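Hydrogens, waters and symmetry mates are skipped; everything else that's a heavy atom, side chains included, is used. Throughout, a chain's letter reflects where its sequence line sits, starting with A, and its residues are numbered from 1. Remember, it's a predicted structure, so these values are computed and weren't measured experimentally.
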2 protein chains.
Amino acid sequence: MANGNAVHQQEPALTIAQVAERTGLSHDTLRYYERAGLIERVGRTTGNQRRYAAADLAWLEFLLRLRETGMSISDMRRYARLRAAGGATLTDRLAMLRAHRDELARRIHVLQGNAGVLDSKIKHYETLIDQQPR
Amino acid sequence: MANGNAVHQQEPALTIAQVAERTGLSHDTLRYYERAGLIERVGRTTGNQRRYAAADLAWLEFLLRLRETGMSISDMRRYARLRAAGGATLTDRLAMLRAHRDELARRIHVLQGNAGVLDSKIKHYETLIDQQPR
DNA sequence: GTAGGACCTGGAGTGTGCTCCAGGTCAATT
DNA sequence: AATTGACCTGGAGCACACTCCAGGTCCTAC
C-alpha cells in the first residue's frame, strides 16, 4: 500500500530518465530547465531524487512547443513565473501568447517566401543541368 | 574618366557601409562572413578598402535566405565553396538545396502544428477570462 | 550487505554566430 | 596639410542554450 515515495500521490511519478525519453530532452537539460525557473521544483523521493507528475510532463510538453517556435529561455521563464503566480496573471499570459503567436505567423510567412526563392533556384539548377547533360 | 579604384569595373562597387544598409547585416558581420568563407574575397581599392560588386550583393542576399531558413554557417560555407569551384559542382549544389528545401518544408509543417497548439491555448485562456470577468 | 547503475549538486566548459576592441590606415572636406 | 569619419586587421569577448565533470548519494538486484 505504501509506495515508498515522500511524494504521496497516486499519479505516475516518472523518473528523470523516463521524462527524458518521453520529451527527447536530456537529463541535464531537464535539470537545467528546473534551475532556470522554467519548471517549478519537481517532487522528490525521500532520497532527493526527482519524480515527475503527469502535470509536470504536460507542462514540459507545452514548453517544448514554445521552444520549437523560437521562444527564448528568458521569455519562457517569464511565462512560467506568471503561471506560477496564479489566475490573476491570465491576461498577461494571454498577451504573451498572442504576441508570440503573431510573431510566429510572421516567421512562417517569411519562411514560406524563402521556400519559394529556394524552389526557383532549384528549378534554375535543374534547367542548367538538363541543358548540359554531361 | 578614371574612377580612382583598383577594381576597374563599370559596376556600382558599393562600400561596406552601403552593403550593410542594403542587407541589414553589420559591418562586422560582413567582414566575418568573408573570413568565414561565405563570400569570396571582395574587391578592394588601392587603399585596401572593400568595394562590393552587384554580384556580391546578389550572393549575399541569397545567403541571407539560407540563413533565415536556418542553414548553419558551416553548411553555407560548403555551398559557397562548391559555387566557387564552378559548374562541375552543380549537381552537388542542387542536392544541398533540395535537402535544405525538404528540411525547411518539414520545419514549416512543425511550426504550423505548434501554431495550432498556441491557438487552442489562446482560445482556452479567452474562455477562462470571459467566465471570470473580474 | 554489496555491487553497479541511476541520480544528485555546483560549477566549469562548449559551439554557434556574431560583436567589440585596439591600434592603426584611408579618404573626403576644409 | 590637417581634421575627421570610414575603414582595415587580428584577436578577444559575449549571449545563448545547453553539456560535461567531479565527487558524492541512492536504489535495485543479487
Side-chain angles (χ1 to χ4, degrees), chain A residues 2-7 12-53 56 60 63-80 100 103, chain B residues 2-7 12-53 56 60 63-80 100 103:
Chain A
N3 69 7
N5 279 351
V7 191
L14 305 163
T15 66
I16 196 168
Q18 291 168 322
V19 174
E21 189 177 0
R22 275 166 184 68
T23 59
L25 298 169
S26 72
H27 300 202
D28 275 324
T29 300
L30 284 168
R31 288 190 278 250
Y32 165 65
Y33 278 7
E34 196 174 329
R35 272 199 263 186
L38 302 193
I39 47 188
E40 289 185 80
R41 186 176 164 85
V42 123
R44 310 287 162 128
T45 65
T46 46
N48 197 34
Q49 296 197 353
R50 288 171 179 79
R51 290 296 179 271
Y52 292 79
D56 294 325
L60 272 168
L63 276 182
L64 245 79
R65 303 299 136 246
L66 295 181
R67 188 190 72 163
E68 280 180 358
T69 50
M71 188 181 282
S72 68
I73 296 284
S74 66
D75 281 356
M76 288 194 282
R77 177 166 41 228
R78 277 210 310 128
Y79 188 86
H100 188 61
E103 169 64 13
Chain B
N3 71 6
N5 281 350
V7 190
L14 304 163
T15 66
I16 197 168
Q18 289 168 324
V19 173
E21 189 177 3
R22 274 166 184 68
T23 59
L25 298 169
S26 72
H27 300 202
D28 275 324
T29 300
L30 284 168
R31 289 190 277 249
Y32 165 65
Y33 279 7
E34 195 173 329
R35 272 199 262 187
L38 301 193
I39 47 187
E40 289 186 81
R41 187 178 163 82
V42 123
R44 311 287 163 128
T45 65
T46 46
N48 198 36
Q49 296 197 354
R50 289 172 180 78
R51 289 298 178 272
Y52 292 78
D56 295 324
L60 272 169
L63 276 183
L64 247 81
R65 303 299 137 245
L66 296 181
R67 187 189 75 163
E68 280 179 357
T69 51
M71 187 179 282
S72 68
I73 296 285
S74 65
D75 281 357
M76 288 195 282
R77 177 166 43 228
R78 278 210 311 128
Y79 188 88
H100 187 62
E103 169 65 13

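- Using a 4.0 Å cutoff on non-hydrogen atoms, the parts of residues 27-34 of chain B near DNA chain D are His27(B), Arg31(B), ordered by number.
- Listed by chain and residue number, nothing satisfies the side-chain hydrogen bond (donor to acceptor under 3.5 Å, both in side chains) test with Thr23(B) (two or more places apart in sequence, or in another chain).
- The side-chain hydrogen bond (donor to acceptor under 3.5 Å, both in side chains) test applied to Glu40(A) returns no partner, not counting sequence neighbours.
- By the salt bridge (charged side-chain N to carboxylate O under 4.0 Å, His left out) test, Arg31(A) is found to be paired with Asp28(A), residues two or more places apart in sequence or in another chain being considered.
- Residues Leu14(B) and Arg51(B) fail the side-chain proximity criterion, which asks for heavy atoms closer than 4.5 Å.
- With rounding to whole Å, Arg44(A) atom CZ is found 14 Å from dT25(D) atom C1'.
- The interatomic distance linking Met71(A) (CE) with dA17(D) (P) rounds to 12 Å, in whole Å.
- Each of Gln49(A) and Arg35(A) was matched to the nucleotide of DNA chain C holding its nearest heavy atom; the match closer to the 5' end belongs to Gln49(A).
- In Gln18(B), the CD atom is crowded: over 12 heavy atoms of neighbouring residues, nucleotides or ligands sit closer than 6.0 Å.
- Separating the CG atom of Leu64(A) from the C1' atom of dC18(D) is a distance of 14 Å, rounded to the nearest angstrom.
- For the salt bridge (charged side-chain N to carboxylate O under 4.0 Å, His left out) test, residues two or more places apart in sequence or in another chain that qualify with Glu34(B) are Arg44(B), Arg50(B).
- Nucleotide dT19(D) holds its P atom 11 Å from the CD1 atom of Ile73(A), rounded to whole Å.
- Rounding to the nearest 0.5 Å gives a distance of 11.5 Å between CZ of Arg65(B) and NE2 of His100(B).
- For the pair Gln18(B) CD and dC7(D) C1', the interatomic distance rounds to 13 Å; values are reported in whole Å.
- Ala36(B) comes within 4.0 angstrom of no nucleic acid atom, judged by non-hydrogen atoms across all strands.
- Counting 5' to 3', DNA chain C first comes under 4.0 angstrom of a heavy atom of chain B and last does so at the ends given by dG17(C) to dA27(C).
- For Glu21(A), the CD atom is loosely surrounded, since the number of other residues' heavy atoms within 6.0 Å does not exceed 12.
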